[in-house]
Amino acid sequence: MANFAIMGFGTVGAGVAEVLRLNGERIAAGLGEPLCLKYILDVRDLSGNPYADKVVKDFSVLENDPELDVVVESIGGAKVALEFTRRALLAGKSVVTSNKELVAAHGRELLDIAREKNVNYLFEASVGGGIPVLRPLFQCLAGNEIEEIAGILNGTTNYILTRMVQAGISFEEALREAQEKGYAEANPAADVEGVDACRKICILSDLAWGREVPPEKVSTQGISGLELKDVGIASGAGYRVKLLGRAVKLADGRQCAYVAPHLIPSDSLIAGVDGVFNGIMVRGNAVGEVMFYGQGAGSLPTASAVMGDVIDALEHREKRRSLGWSEGADLADFGELPMRWYLRGDFPVPAGCEVLEGGAALTGVLTAGEAGALAERLGAAALLPVLE
Ligand code: HSE
């Protein structure tokens with residue numbers, strides 16, 4: 001019998017219990033032993049909940065139980081979750097999480113503790129919800145030099161953009177729908193301002209290149225400043241506007257990561273990623289481009305990835321999964337990246353630009369720094385990168 005606990009019984013934690021209820025027999029057959037949900041740690045009153053008999057309020061019950069193998073951390077945030085994750089790892093428990101804030105900010109330290117204690121710290125669900133992307137990146141693609149990662153990494157903003165365009169509803173209405181469906185963060189500003197996507201592109205970069213990319217060093221622009229007018233002009237010109245997290249390895253060996261709404265060609269694979277779905281492109285020097293697609297948020301999809309990690313942690317009890325990164329990525333500034341740009345405003349279209357309807361234009365290839373200077377000189381009302 002293998003025992004695990006869930007810390008934080010919200011959208012993800014309850015989803016993990018439900019996946020066990022649905023698929024417990026199959027999971028046990030694969031593991032070769034039953035998997036038992038022994039504790040649920042939550043400060044809320046869960047009396048009346050079908051899992052009420054599992055609820056404990058004191059973390060030390062988990063910490064001191066020698067028969068507890070794995071702890072799922074679905075508390076969120078980087079305060080209590082950090083303390084309990086540290087203590088669980090130090091107590092010799094493997095920890096599995098969907099908490100991208102914690103992994104992006106403290107993953108290196110927590111993975112170091114996991115290595116010292118010969119346990120696993122796994123976080124597949126922290127990027128792309130239910131999509132298997134981290135394990136393919138560090139395992140199946142390990143023979144590649146990763147050149148670029150670009151993806152729709154936030155289900156809430158993709159849901160909002162899709163509903164605004166396809167259902168013609170307001171930003172506020174679409175956000176409310178996303179919250180009701182359990183996609184949004186507790187504070188949806190993290191979704192809308194690109195912070196959540198930033199954390200995810202940091203984790204992808206950490207794993208792809210083995211050096212820590214701190215979220216505070218990543219240029220991050222969300223969708224709150226985006227005007228529907230630009231989404232409409234882009235559609236008319238054969239583009240879709242999508243919030244992308246992007247990380248590239250430059251020819252000089254430095255790397256760059258940023259988050260911004262982009263124009264992407266309507267016929268590209270990633271432009272067809274709508275609603276709460278995420279789509280992540282990884283380009284390796286041997287494999288070429290591979291795409292990962294699926295539900296990037298929501299209770300059961302996220303719990304699916306968490307449960308996969310619980311099983312993996314149990315299967316790697318003797319020889320832990322070797323995972324980690326060191327500090328200090330050599331980062332290039334976003335301003336150095338060369339791309340084409342979408343500009344809109346009341347100005348004569350500069351020479352060399354492609355004219356679009358509605359007072360907009362597409363520039364030739366400029367660095368972000370040059371494009372920003374041009375937009376300022378012209379007094380442009382909108383400036384967005386174009387990824388082709
Ligand atoms: N708020 C996140 C999203 C949840 O919308 O993608 C999954 O990380």
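Values below: all heavy atoms of this structure, side chains included; hydrogens, waters and symmetry mates excluded. All ligand and atom numbering here is 1-based and tracks the order in the structure. Note that the coordinates shown come from a computational prediction; the quantities given were computed from them, not determined experimentally.
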Colleague: Members other than L374 in its cluster, when Ile, Leu, Val, Met, Phe, Trp, Tyr link by side-chain heavy atoms under 4.5 Å?
Modeller: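 Besides L374, the cluster holds V248, L250, Y258, F334, L337, M339, W341, L343, F347, L366, L378, L383.
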Colleague: Going by the atom numbers of ligand 1, which of them fall below 4.0 Å from some non-hydrogen atom of G296?
Modeller: 6 (O), 7 (C)
Colleague: Looking at E185, which atoms of ligand 1 are within less than 4.0 Å of one of its heavy atoms?
Modeller: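 Under 4.0 Å from E185, ligand 1 has these atoms: 1 (N), 2 (C), 4 (C).
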Colleague: Nearest protein heavy-atom contact for atom 5 (O) of ligand 1: which residue, which atom, what distance?
Modeller: T156 OG1, 2.6 Å
Colleague: Minimum heavy-atom separation for D230 and V241, please, with both atom names.
Modeller: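 In terms of heavy atoms, the two residues are closest at O-CG2, 4.3 Å.
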Colleague: Is ligand 1 under 4.0 Å from a heavy atom in the side chain of D196, in the backbone, in both, or in neither?
Modeller: side chain
Colleague: Taking atom types as modelled and ignoring hydrogens, do the side chains of Y159 and D274 form a donor-acceptor contact shorter than 3.5 angstrom?
Modeller: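 Per modelled atom types, Y159 and D274 side chains form no pair under 3.5 Å.
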Colleague: If the test is side chain to side chain contact (heavy atoms under 4.5 Å, CB included), which one of L153, V276, V273, L243 qualifies with N158?
Modeller: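 The passing option is V273.
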Colleague: Any N or O of G155 that comes nearer than 3.5 Å to an N or O of ligand 1?
Modeller: yes
Colleague: For atom 8 (O) of ligand 1, find the nearest protein heavy atom and state the residue, atom name and distance (0.1 Å precision).
Modeller: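 Answer, as residue, atom name and distance: K100 NZ, 2.6 Å.
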Colleague: What part of D191 sits under 4.0 Å from ligand 1 if we count only heavy atoms: the side chain, the backbone, both or neither?
Modeller: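 The answer is the side chain of D191.
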Colleague: For a side chain to side chain contact (heavy atoms under 4.5 Å, CB included) with E148, tell me which candidate from K249, M281, Q255, E289 qualifies.
Modeller: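 For E148, the side chain to side chain contact (heavy atoms under 4.5 Å, CB included) test succeeds with only one of K249, M281, Q255, E289, which is M281.
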Colleague: So does A360 get a backbone contact from the side chain of R344, meaning a donor-acceptor N/O pair under 3.5 Å?
Modeller: no
Colleague: Which atoms of ligand 1 are found less than 4.0 Å from any heavy atom of K200?
Modeller: 2 (C), 3 (C), 6 (O), 7 (C), 8 (O)
